[in-house]
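Each ligand, and each atom within it, is numbered from 1 in the order the structure gives. Note that the structure is a prediction, hence the values are computed from the model and not measured. Computation of the quantities below employed the complete heavy-atom set of this structure, encompassing side-chain atoms and omitting hydrogens, waters and symmetry-equivalent molecules.
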Amino acid sequence: MYHSKSILGATADFTTDMLQLSTSPFLTHPKRNTHKICFLIHSLYKQIMLKAMISTDKIKEDLRTRFIGRRLHVYDTVSSTNDVARALALEGAEEGTVIIAETQTKGRGRAGREWFSPRGGLWFSIILKPKIKAREVSRITLTVGVAVTAALNRQFNLNAEVKWPNDVLVNGRKVCGVLTESVTCDETVKMVVVGIGLNANITLEEFSRSLRGSATTLKEELKKEVSLESLLCEIFYRIESEYVVFLTEGFAQVLSEWKALAAFIGKHVEVTVVGRKFRGMAEDVDEYGSLIVRLSDGSVKRVVAGDVKVRIV
Ligand code: BT5
């Protein structure tokens, strides 16, 4: 079943804009030509707006999954798709329900960091209800990282890599971030919301100066725009496949796929945990998704994903 709230929302927004425009002094100019020009501007604006919308119909045509994306809520603007997903999940939304927004006003990363979410990107959250323990939640982040990376490499022939704990990189720059949030009870997971932010049809000039050095976009890497709908379908398909493997066969296979795509295993890294830094060799990622770092004195530190930053030095 598909919901098209956003399409209606966008149409409503557009109508409002038109009404606002048509009450402007410019539009009420007596000369006919002015009216014609305004009409043309409106038509053009309408075409641009409709082109920019993510089409639920196109997604429906391409979808190859059993449950991820079968229920879809597409919005024009929300604060954060993770918040909408969480609210829907608490109201009983089914596993696999996806919430997509064209833009987010309060997109966030881990530890409340800001996530830049302009039009042209893919900002979406998936509701999952895995029967796993709370300590396994970081496995979901790694599973989704593998799936998004594989989708990018397959669709665009890129050399995307995963970076612990929640990034996907292209040419060493962040193209995607994953934010996994869960509701647990007595160490058992009740539901997980996986938020995925993927810089698709955005130019780097749109980013702040500070982000320009570390981020990239598909448009920048491929020198063209991509179909958001077919990319979404590929990602849904990959996430569902990896997720089912994780739940039915165990995490080992997904973890070995993750390691094969990992950007910095075997490299010297600087790790910042809640503001405190240390350096060492990123040796491995264990079965619970913790990073194993060997320090210069030979001892080993196990770093749990959380408010952690890692950079290659
Ligand atoms: C993440 O956090 O990378 C997780 C991002 C998840 C975003 C999605 S969008 C849909 C859903 N709804 C949400 O509200 N969130 C999810 P973290 O590892 O903490 O990285 C955050 C850092 O990435 C920021 O502090 C910036 O330095 C950087 N950043 C912000 N926006 C970015 C962007 N669009 N592309 C690349 N880097 C960005």
Does NZ belonging to Lys309 count more than 12 external heavy atoms closer than 6.0 Å? no
Hey, which atoms in ligand 1 end up nearer than 4.0 Å to a heavy atom of Val178? 4 (C)
Side chains of Thr184 and Ser182: any donor to acceptor distance under 3.5 Å? no
Out of all atoms in ligand 1, which are within 4.0 Å of some heavy atom of Glu114? Include the element for each. 24 (C), 30 (C)
Test item: side-chain donor near acceptor, Asp297 and Ser299, under 3.5 Å: yes
Considering the heavy atoms of Gln104, write down every atom of ligand 1 situated less than 4.0 Å from one of them. 9 (S), 10 (C), 11 (C), 12 (N), 13 (C), 14 (O)
List ligand 1 atoms under 4.0 Å from Asn166, heavy atoms only on the residue side. 1 (C), 2 (O), 3 (O), 4 (C), 17 (P), 18 (O)
Which residue and non-hydrogen atom of the protein lie closest to atom 5 (C) of ligand 1, and at what distance in Å? Trp115 CE3, 3.4 Å
Glu221 and Thr216: side chain donor to acceptor below 3.5 Å: yes
Ranking Arg108, Arg113, Lys163, Arg212 by closest non-hydrogen atom to atom 21 (C) of ligand 1, top hit is Arg113
Positive for side chain to side chain contact (heavy atoms under 4.5 Å, CB included) with Ile126, one of Ile140, Val193, Thr180, Ile196: Ile196
If we count only N and O atoms by modelled type, under 3.5 Å, do the side chains of Gln104 and Thr81 hold a donor and an acceptor together? yes
At a 4.0 Å threshold, what atoms of ligand 1 neighbour a non-hydrogen atom of Thr81? 10 (C), 11 (C), 12 (N)
Judged by heavy atoms only, the candidate from Thr141, Asp83, Leu211, Val168 nearest atom 28 (C) of ligand 1 is Leu211
Ser117: heavy atom below 4.0 Å from ligand 1, yes or no? no
Show which atoms of ligand 1 fall inside a sub-4.0 Å distance from at least one heavy-atom site of Asn199. 33 (C), 34 (N), 35 (N), 36 (C)
Counting only nitrogen or oxygen atoms and a 3.5 angstrom limit, does Phe116 reach ligand 1? yes
From CA spacing to verdict: salt bridge (charged side-chain N to carboxylate O under 4.0 Å, His left out), Arg294, Asp284: CA-CA 9 Å; Arg294 187 166 296 274; Asp284 201 3; over 6 Å; no
Tell me which one of Arg110, Lys174, Glu181 gets a heavy atom nearest to atom 3 (O) of ligand 1. Lys174
If we number the atoms of ligand 1 from 1 as shown, the ones under 4.0 Å from a heavy atom of Phe207 are 33 (C), 34 (N), 35 (N)
For residues Arg64 and Tyr237, is any side-chain donor paired with an opposing acceptor at under 3.5 Å? no
Go through the side-chain N and O atoms of Thr97 and Glu94 and say whether any donor and acceptor fall under 3.5 Å apart. no
Please list, in number order, the atoms of ligand 1 under 4.0 Å from a heavy atom of Asn82. 11 (C), 12 (N)
